[in-house]
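In what follows, a single structure is set out as structure tokens and then discussed.
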Amino acid sequence: MELKNQKWPADEFFSRRREVLAAWPTGREVDLDEAVAYHRRAGAGRSMAALLDQARTSGRTLAQPRAGVALLLDQIELLRYLAAEGEADCLPATIDSYTRQNRYAEAQAGIEESRAAGRSMLNGFPAVNYGVAACRRVVEAVDVPVQVRHGTPDARLLAEITLAGGFTSFEGGGISYNIPYAKDVPLEKSIADWQYVDRLAGWYLEHGVTINREFFGPLTGTLVPPGISHAVGVIEALLAAEQGVKNVTLGYGQCGNLIQDVAAMLTLPRLAEDYLERCGYRGVTVTTVLHQWMGGFPADESKAFGVIAWGAATAALAGADKVIVKTPHEAVGVPGKEANAAGIKATKQVLNMLRDQFMPPTPELTEEIAVIRAETTAIVDKTLDLGDGDVALGTVRAFKAGVIDVPFAPSRFNAGRLLPARDNRGAVRLLEPANLPFDRALLDFHRERLAERGRVENREPGFQMVIDDIYAIGKGMLVGRPR
Ligand SMILES: CCC[C@H]1O[C@@H](n2cnc3c(N)ncnc32)[C@H](O)[C@@H]1O
């Protein structure tokens with residue numbers, strides 16, 4: 001089926017399901033009618049969409065960790081601990097890397113090794129290998145909603161099993177789980193495979209079960225300018241809405257300058273709602289999630305808590321509906337449960353202290369809002385134009401033309417010519433805008449902000465600034481000043 005942004009007819013969708021469910025024996029457990037009945041019996045307490053709605057209307061920011069281990073009973077115990085001791089408002093199953101690459105036989109071997117070793121030998125929860133009944137044991141073990149978090153270009157079977165397994169939110173998208181995560185997956189394939197996921201979520205909704213779809217905003221998580229990550233999020237929202245999804249959460253990776261990050265979070269839902277409306281999608285509920293800093297972390301745990309607290313403060317002042325929490329083990333790898341719980345509790349302390357405070361409107365904030373709106377609109381409009389109105393086709397052509405260019409992405413389908421660097425206040429700017437479709441005013445804005453830093457540091461804006469900024473937070477700073 002050649003790629004186009006059009007809702008899959010039910011018969012086309014069901015004919016493709018057979019091949020997907022046959023990819024691993026646990027696919028046989030999926031029975032959609034039974035799964036709908038199961039979700040309905042589970043009630044609102046398990047619904048991520050309902051929890052996000054409460055957060056949005058009450059002005060709260062939900063705190064959610066990442067968490068995934070190889071053994072089923074350990075995953076259950078971990079989530080129970082993070083809910084009770086960590087006070088998590090909602091929970092994840094972070095999926096392992098073999099499953100993310102559809103390498104289920106190796107995930108199976110990892111489960112056996114973990115059983116033999118008595119500890120997790122995988123970097124996440126291998127949900128496909130466990131299957132539907134086991135997933136239900138995970139979601140039934142806690143009384144808050146549980147979301148599937150991963151990084152899978154082809155997540156069709158993972159979605160079938162986890163959604164039938166009672167998870168009520170599913171992260172990812174055909175761009176955001178391909179370009180930052182894979183070297184050699186064509187966008188034509190990943191976008192089509194995520195149309196399948198969204199069509200499945202749309203089918204659940206048509207049968208009374210709301211599945212929340214969250215797009216992976218941070219992308220490579222390294223100095224990604226807000227205009228680029230917003231454009232990807234808006235496009236993934238449009239692609240999902242076409243397949244019948246009506247509940248979306250758009251994400252953004254904290255960059256570190258408060259005014260820029262607050263501007264990013266204030267513009268994100270409005271931009272998504274504008275484009276959904278403009279493209280004819282009614283009644284789509286939009287919420288937002290901020291990811292605490294996704295780049296390199298200090299190894300020192302006290303300093304790591306400083307970064308975590310800053311991410312929590314930013315989420316609160318930005319009015320994010322949800323914040324994805326980091327841990328003091330970020331610099332070393334998969335966190336232990338105590339460190340994971342500590343990150344959540346530190347975050348919630350800050351969220352609670354800032355609950356009744358708001359970012360004052362200032363000329364700087366107004367300017368950042370205007371810049372982000374102009375950048376996102378320029379990219380999304382050009383993408384729609386390249387696709388003659390078809391955002392799926394337009395996305396493939398936009399990446400080929402470098403109209404969308406994600407910094408530091410491994411994918412060979414990403415142009416990779418763009419270079420970001422921080423300005424003198426730490427906001428992320430464009431050192432090399434490459435082929436981004438920005439007008440002279442925008443390009444001059446970026447150039448001048450970087451020139452200002454260059455004057456202060458007495459050096460020409462250049463690649464060394466990029467390197468210095470990549471390591472800065474890990475070394476205890478934000479702007480990578482010259483030594
Ligand atoms: C977006 C992916 C990167 C982030 O995802 C965390 N991450 C990855 N795998 C697990 C896991 N199995 N449990 C808890 N956190 C995990 C990393 O530390 C990093 O922050």
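Order of listing sets the numbers, starting from 1, for every ligand and every atom in it. Counting from 1, the numbers follow the sequence of the chain as shown.
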Taking salt bridge (Lys or Arg N to Asp or Glu O under 4.0 Å) as the test, write out the residues that go with Arg481, two or more places apart.
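Salt bridge (Lys or Arg N to Asp or Glu O under 4.0 Å) check on Arg481 returns Glu457.
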Just jot down the salt bridge (Lys or Arg N to Asp or Glu O under 4.0 Å) partners of Arg66, sequence neighbours excluded, or say none.
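Residues passing salt bridge (Lys or Arg N to Asp or Glu O under 4.0 Å) with Arg66: none at all.
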Looking only at non-hydrogen atoms, find the nearest pair between Pro407 and Thr220 and report the distance.
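Result for this residue pair: O-OG1, 2.7 Å.
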So which atom in Ile473 and which in Gly296 form the shortest heavy-atom distance, rounded to 0.1 Å?
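Here Ile473 and Gly296 meet closest at CG2-O, 3.6 Å.
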When you look for protein heavy atoms under 4.0 Å from ligand 1, which residues do they belong to?
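Ligand 1 is contacted, at a heavy-atom distance under 4.0 Å, by Arg66, Ala67, Gly68, Thr94, Asn123, Gly124, Tyr181, Phe216, Met294, Lys326, Glu330, Val334, Pro335.
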Check this for me: Arg136, atom CZ, are more than 12 non-hydrogen atoms of other residues, nucleotides or ligands nearer than 6.0 Å?
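Count over threshold, so yes.
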Excluding sequence neighbours, so at least two apart, what forms side-chain contact (heavy atoms from CB on, under 4.5 Å) with Ala398?
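Partners of Ala398 by the side-chain contact (heavy atoms from CB on, under 4.5 Å) criterion, ordered by chain and then number, come out as Thr383, Leu386, Val403, Ile404.
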